[in-house]
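Notes follow once the structure below has been shown.
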Protein chains: 2
Amino acid sequence: MPEREPLTATQVRLIAKALADPRRNEILKQIGSRKDGIACAEIRECQSITAATLSHHLRELETAGLIAVVRKGKFADLSIRRDVLNSYLAYLKTF
Amino acid sequence: MPEREPLTATQVRLIAKALADPRRNEILKQIGSRKDGIACAEIRECQSITAATLSHHLRELETAGLIAVVRKGKFADLSIRRDVLNSYLAYLKTF
DNA sequence: TCATCCGTTAGATAGTTGTCGAACTATTAA
DNA sequence: TTAATAGTTCGACAACTATCTAACGGATGA
(Lines give C-alpha, C1' and ligand atoms only; values in the text may rest on other atoms or scores of the structure.)
Protein backbone atom coordinates (compact mmCIF):
# COMPACT_ATOMS: atom_id res chain seq x y z
CA MET A 1 0.00 0.00 0.00
CA PRO A 2 1.47 3.36 -1.05
CA GLU A 3 2.27 6.17 1.32
CA ARG A 4 0.01 9.20 1.31
CA GLU A 5 1.55 12.17 3.04
CA PRO A 6 -0.65 15.27 2.88
CA LEU A 7 0.64 17.91 0.49
CA THR A 8 1.23 21.58 1.17
CA ALA A 9 -0.62 24.16 -0.89
CA THR A 10 2.61 24.90 -2.73
CA GLN A 11 3.14 21.27 -3.61
CA VAL A 12 -0.41 20.99 -4.89
CA ARG A 13 0.14 24.04 -7.06
CA LEU A 14 3.38 22.70 -8.50
CA ILE A 15 1.96 19.26 -9.17
CA ALA A 16 -1.17 20.57 -10.86
CA LYS A 17 0.94 22.82 -13.05
CA ALA A 18 3.34 20.04 -13.89
CA LEU A 19 0.47 17.83 -15.00
CA ALA A 20 -1.17 20.61 -17.01
CA ASP A 21 1.21 20.51 -19.94
CA PRO A 22 0.43 17.69 -22.41
CA ARG A 23 4.10 17.11 -23.10
CA ARG A 24 4.96 16.72 -19.44
CA ASN A 25 1.96 14.48 -19.06
CA GLU A 26 3.33 12.19 -21.77
CA ILE A 27 6.81 12.28 -20.33
CA LEU A 28 5.56 11.36 -16.87
CA LYS A 29 3.46 8.58 -18.32
CA GLN A 30 6.50 7.22 -20.10
CA ILE A 31 8.65 7.38 -16.99
CA GLY A 32 5.91 5.70 -15.02
CA SER A 33 5.62 2.88 -17.53
CA ARG A 34 9.07 1.62 -16.52
CA LYS A 35 9.65 -0.41 -13.46
CA ASP A 36 13.24 0.75 -13.20
CA GLY A 37 14.71 4.05 -14.31
CA ILE A 38 14.86 5.49 -17.79
CA ALA A 39 17.32 7.94 -19.35
CA CYS A 40 16.63 11.18 -21.21
CA ALA A 41 17.84 9.88 -24.54
CA GLU A 42 15.32 7.07 -24.42
CA ILE A 43 12.48 9.49 -23.82
CA ARG A 44 13.64 11.50 -26.78
CA GLU A 45 13.31 8.45 -29.01
CA CYS A 46 9.54 8.56 -28.50
CA GLN A 47 8.92 12.28 -28.26
CA SER A 48 10.07 14.73 -30.90
CA ILE A 49 11.59 17.25 -28.58
CA THR A 50 14.97 18.91 -28.17
CA ALA A 51 17.23 17.99 -25.28
CA ALA A 52 16.90 21.48 -23.89
CA THR A 53 13.12 21.38 -23.80
CA LEU A 54 13.11 17.94 -22.27
CA SER A 55 15.51 19.11 -19.60
CA HIS A 56 13.21 22.01 -18.83
CA HIS A 57 10.19 19.73 -18.43
CA LEU A 58 12.10 17.29 -16.29
CA ARG A 59 13.04 20.08 -13.94
CA GLU A 60 9.38 21.04 -13.60
CA LEU A 61 8.43 17.45 -12.84
CA GLU A 62 11.23 17.11 -10.34
CA THR A 63 10.44 20.39 -8.61
CA ALA A 64 6.85 19.24 -8.28
CA GLY A 65 8.17 16.05 -6.68
CA LEU A 66 6.60 13.84 -9.31
CA ILE A 67 9.88 12.27 -10.43
CA ALA A 68 13.23 11.45 -8.92
CA VAL A 69 16.35 12.27 -10.91
CA VAL A 70 19.59 10.52 -10.05
CA ARG A 71 22.76 11.17 -11.96
CA LYS A 72 24.54 7.94 -12.93
CA GLY A 73 27.73 8.77 -14.74
CA LYS A 74 26.84 10.18 -18.10
CA PHE A 75 23.21 9.31 -17.74
CA ALA A 76 20.21 10.51 -15.81
CA ASP A 77 18.14 7.91 -14.05
CA LEU A 78 14.51 9.04 -14.05
CA SER A 79 11.78 7.40 -12.04
CA ILE A 80 8.24 8.27 -11.05
CA ARG A 81 7.38 9.00 -7.42
CA ARG A 82 4.14 7.20 -6.92
CA ASP A 83 3.85 8.26 -3.31
CA VAL A 84 3.60 11.90 -4.39
CA LEU A 85 1.18 11.13 -7.19
CA ASN A 86 -0.96 9.19 -4.75
CA SER A 87 -0.92 12.10 -2.33
CA TYR A 88 -2.22 14.31 -5.09
CA LEU A 89 -4.95 11.79 -5.87
CA ALA A 90 -5.91 11.77 -2.21
CA TYR A 91 -6.06 15.56 -2.27
CA LEU A 92 -8.38 15.64 -5.28
CA LYS A 93 -10.63 13.11 -3.63
CA THR A 94 -11.46 15.61 -0.88
CA PHE A 95 -13.32 17.78 -3.40
CA MET B 1 -20.38 4.04 -6.73
CA PRO B 2 -19.49 6.88 -9.11
CA GLU B 3 -19.35 6.51 -12.87
CA ARG B 4 -15.96 6.43 -14.50
CA GLU B 5 -16.14 6.99 -18.20
CA PRO B 6 -12.73 7.09 -19.84
CA LEU B 7 -11.67 10.56 -20.90
CA THR B 8 -10.42 11.67 -24.29
CA ALA B 9 -6.98 13.21 -24.58
CA THR B 10 -8.60 16.59 -25.07
CA GLN B 11 -10.68 16.24 -21.91
CA VAL B 12 -7.61 15.26 -19.93
CA ARG B 13 -5.79 18.31 -21.21
CA LEU B 14 -8.67 20.64 -20.34
CA ILE B 15 -9.14 19.15 -16.88
CA ALA B 16 -5.46 19.28 -16.01
CA LYS B 17 -5.30 22.88 -17.12
CA ALA B 18 -8.43 23.80 -15.24
CA LEU B 19 -6.97 22.36 -12.05
CA ALA B 20 -3.62 24.06 -12.56
CA ASP B 21 -4.68 27.53 -11.52
CA PRO B 22 -4.83 28.01 -7.72
CA ARG B 23 -7.85 30.26 -8.02
CA ARG B 24 -9.82 27.75 -10.04
CA ASN B 25 -8.73 25.07 -7.62
CA GLU B 26 -10.22 27.05 -4.75
CA ILE B 27 -13.38 27.79 -6.68
CA LEU B 28 -13.89 24.15 -7.54
CA LYS B 29 -13.27 23.17 -3.93
CA GLN B 30 -15.88 25.65 -2.82
CA ILE B 31 -18.42 24.43 -5.34
CA GLY B 32 -17.69 20.86 -4.31
CA SER B 33 -18.22 21.65 -0.65
CA ARG B 34 -21.93 22.24 -1.27
CA LYS B 35 -24.36 19.43 -1.60
CA ASP B 36 -26.69 21.53 -3.72
CA GLY B 37 -25.80 24.32 -6.08
CA ILE B 38 -24.12 27.62 -5.32
CA ALA B 39 -24.33 30.99 -7.07
CA CYS B 40 -21.51 33.22 -8.31
CA ALA B 41 -22.18 35.96 -5.81
CA GLU B 42 -21.69 33.55 -2.95
CA ILE B 43 -18.33 32.49 -4.30
CA ARG B 44 -17.32 36.10 -4.54
CA GLU B 45 -18.02 36.54 -0.85
CA CYS B 46 -15.12 34.22 -0.07
CA GLN B 47 -12.73 35.04 -2.88
CA SER B 48 -11.57 38.56 -3.63
CA ILE B 49 -12.12 38.46 -7.34
CA THR B 50 -14.04 40.52 -9.88
CA ALA B 51 -17.17 39.15 -11.50
CA ALA B 52 -15.44 39.17 -14.87
CA THR B 53 -12.55 37.06 -13.67
CA LEU B 54 -14.83 34.63 -11.88
CA SER B 55 -16.91 34.26 -15.02
CA HIS B 56 -13.77 33.49 -16.97
CA HIS B 57 -12.70 30.79 -14.51
CA LEU B 58 -16.15 29.26 -14.42
CA ARG B 59 -16.12 28.92 -18.17
CA GLU B 60 -12.81 27.09 -17.99
CA LEU B 61 -14.17 24.73 -15.38
CA GLU B 62 -17.32 24.15 -17.36
CA THR B 63 -15.47 23.58 -20.61
CA ALA B 64 -13.32 21.03 -18.83
CA GLY B 65 -16.50 19.35 -17.67
CA LEU B 66 -15.64 19.75 -14.01
CA ILE B 67 -18.74 21.76 -13.16
CA ALA B 68 -22.30 22.05 -14.38
CA VAL B 69 -23.78 25.51 -14.85
CA VAL B 70 -27.54 25.90 -14.95
CA ARG B 71 -29.15 29.27 -15.32
CA LYS B 72 -31.98 29.80 -12.84
CA GLY B 73 -33.55 33.16 -13.46
CA LYS B 74 -31.08 35.80 -12.38
CA PHE B 75 -28.78 33.30 -10.82
CA ALA B 76 -26.34 30.65 -11.93
CA ASP B 77 -26.57 27.29 -10.27
CA LEU B 78 -23.09 25.82 -10.04
CA SER B 79 -22.37 22.24 -9.07
CA ILE B 80 -19.37 19.94 -9.25
CA ARG B 81 -19.37 16.96 -11.60
CA ARG B 82 -17.87 14.22 -9.52
CA ASP B 83 -18.15 11.66 -12.28
CA VAL B 84 -15.73 13.68 -14.40
CA LEU B 85 -13.38 14.30 -11.51
CA ASN B 86 -13.42 10.57 -10.76
CA SER B 87 -12.63 9.79 -14.37
CA TYR B 88 -9.62 12.04 -14.12
CA LEU B 89 -8.53 10.31 -10.94
CA ALA B 90 -8.87 6.96 -12.69
CA TYR B 91 -6.74 8.31 -15.53
CA LEU B 92 -3.96 9.44 -13.20
CA LYS B 93 -3.97 6.07 -11.51
CA THR B 94 -2.82 4.43 -14.73
CA PHE B 95 0.53 6.17 -14.41
C1' DT C 1 45.10 14.15 -24.22
C1' DC C 2 41.39 14.44 -27.38
C1' DA C 3 37.05 13.56 -29.26
C1' DT C 4 32.52 12.14 -28.35
C1' DC C 5 28.36 11.51 -25.96
C1' DC C 6 24.66 12.96 -22.37
C1' DG C 7 22.53 16.31 -20.45
C1' DT C 8 22.19 21.42 -18.55
C1' DT C 9 22.15 26.42 -18.82
C1' DA C 10 21.48 30.92 -21.08
C1' DG C 11 19.11 33.94 -23.94
C1' DA C 12 15.48 34.94 -27.17
C1' DT C 13 10.89 34.60 -28.98
C1' DA C 14 6.14 33.50 -29.80
C1' DG C 15 2.09 32.21 -27.76
C1' DT C 16 -0.86 31.70 -23.74
C1' DT C 17 -3.47 33.35 -19.79
C1' DG C 18 -5.00 35.61 -15.41
C1' DT C 19 -6.62 39.96 -14.42
C1' DC C 20 -9.21 44.13 -14.62
C1' DG C 21 -12.59 47.98 -16.00
C1' DA C 22 -16.27 49.04 -18.92
C1' DA C 23 -20.06 48.00 -21.54
C1' DC C 24 -23.63 44.72 -22.18
C1' DT C 25 -27.82 41.27 -21.47
C1' DA C 26 -31.28 39.35 -18.84
C1' DT C 27 -34.10 39.02 -14.90
C1' DT C 28 -36.53 40.77 -11.01
C1' DA C 29 -38.76 44.47 -8.27
C1' DA C 30 -40.83 48.87 -7.50
C1' DT D 1 -41.37 51.94 -17.23
C1' DT D 2 -37.59 52.51 -14.35
C1' DA D 3 -34.12 50.93 -11.43
C1' DA D 4 -31.45 47.48 -9.46
C1' DT D 5 -29.26 43.03 -9.45
C1' DA D 6 -26.57 38.75 -11.45
C1' DG D 7 -23.59 37.40 -14.74
C1' DT D 8 -21.31 37.73 -19.35
C1' DT D 9 -18.50 39.61 -23.04
C1' DC D 10 -14.88 42.67 -24.86
C1' DG D 11 -10.50 44.77 -25.21
C1' DA D 12 -6.22 45.45 -23.19
C1' DC D 13 -2.20 44.50 -20.57
C1' DA D 14 1.31 42.20 -17.77
C1' DA D 15 3.16 37.96 -16.48
C1' DC D 16 4.27 33.51 -17.53
C1' DT D 17 5.92 29.55 -20.32
C1' DA D 18 6.97 26.16 -24.01
C1' DT D 19 10.16 26.10 -27.40
C1' DC D 20 14.36 26.62 -29.90
C1' DT D 21 19.54 27.40 -30.92
C1' DA D 22 23.94 27.92 -29.13
C1' DA D 23 27.23 27.41 -25.80
C1' DC D 24 28.69 24.85 -21.88
C1' DG D 25 30.32 20.98 -18.34
C1' DG D 26 31.09 16.49 -17.02
C1' DA D 27 31.94 11.59 -18.06
C1' DT D 28 33.65 7.96 -21.13
C1' DG D 29 36.64 5.76 -24.39
C1' DA D 30 40.38 5.82 -27.77
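Hydrogens, waters and symmetry mates play no part in the numbers below; they use all other heavy atoms, side chains included.
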Where along residues 12-20 of chain A does a heavy atom come under 4.0 Å from DNA chain C, residue by residue in number order?
none
Pairing residues for A/H57 by the side-chain hydrogen bond (donor to acceptor under 3.5 Å, both in side chains) criterion, not counting sequence neighbours
A/R24
Whole Å only: how far is the CG atom of A/L61 from the P atom of D/dT17?
14 Å
If I take atom CD1 in residue A/I43 and atom C1' in nucleotide C/dC6, what distance separates them, rounded to the nearest angstrom?
13 Å
For side chain to side chain contact (heavy atoms under 4.5 Å, CB included), just list the numbers for B/N25 and B/D21, CA-CA rounded to whole Å, side-chain angles, deciding distance to a tenth of an Å, and then say yes or no.
CA-CA 6 Å; B/N25 202 316; B/D21 181 70; over 6 Å; no
Residue A/F75, side-chain atoms from C-beta onward, closest of C/dC6, C/dT8, D/dA6
C/dC6
Short question: side chain of A/S87, backbone of A/D83 - any donor-acceptor pair under 3.5 Å?
yes
Rounded distance [0.5 Å steps], CD1 in B/I15 versus CG in B/L28:
10.5 Å
Sequence neighbours left out, what passes side-chain contact (heavy atoms from CB on, under 4.5 Å) with A/L89? Give chain and number order.
A/N86, B/L89, B/L92, B/K93
If you measure from CD1 on A/I43 to CD1 on A/I38, what distance do you get to the nearest 0.5 Å?
4.5 Å
B/A41: partners by side-chain contact (heavy atoms from CB on, under 4.5 Å), with sequence neighbours left out
none
Tell me, for nucleotides 19-30 of chain D in 5' to 3' order, what letter each nucleotide earns: B for a base near a protein heavy atom under 4.0 Å, S for only sugar-phosphate near one, - for neither?
BBB-----SS--
State the CD1-CD1 distance between B/I31 and B/I67, to the nearest 0.5 angstrom.
4.5 Å
B/I67 has an atom CD1; how far is it from atom P of D/dG7, in whole Å?
12 Å
Enumerate the residue pairs fulfilling ring-ring contact (aromatic ring centres under 6.0 Å, His included) with a member in residues 75-95 of chain B, sequence neighbours excluded, ordered by first and then second residue.
B/Y91-B/F95
Report the residues that fulfil side-chain contact (heavy atoms from CB on, under 4.5 Å) with A/T50, sequence neighbours left out, ordered by chain and then residue number.
A/A52, A/T53
Give every residue pair that meets the salt bridge (Lys or Arg N to Asp or Glu O under 4.0 Å) criterion with at least one member in residues 53-71 of chain A, sequence neighbours excluded.
none
Output the residues of residues 26-40 of chain B in contact with DNA chain C, where contact means a heavy atom of the residue under 4.0 Å from an atom of the strand; sort by number or write none.
none
Provide the full list of salt bridge (Lys or Arg N to Asp or Glu O under 4.0 Å) pairs with a residue in residues 25-40 of chain A, sequence neighbours left out, each pair given once.
A/E26-A/K29, A/R34-A/E42
Value for CG (B/L78) from SG (B/C40), rounded to nearest 0.5 Å, stands at 5.0 Å
From CD of A/E42 across to C1' of C/dC5 the rounded distance in Å is 16 Å
Based on the rotation axes of five pairs at each end, what angle does the helix from C/dG7-D/dC24 to C/dA30-D/dT1 bend through, to 10°?
30°
Protein-nucleotide distance (A/E62, atom CD; C/dT8, atom C1'), rounded to Å:
12 Å
Establish, with yes or no, whether the OP1 or OP2 oxygen of C/dG18 is under 4.0 angstrom from a side-chain nitrogen or oxygen of B/R24.
yes
Mind calculating the distance between CG (A/L54) and P (C/dC5) to the nearest angstrom?
19 Å
Taking atom C1' of D/dG7 as reference, at what distance in whole Å does atom CD of B/Q47 sit?
17 Å
What residues form a side-chain contact (heavy atoms from CB on, under 4.5 Å) with A/S48, not counting sequence neighbours?
A/R23
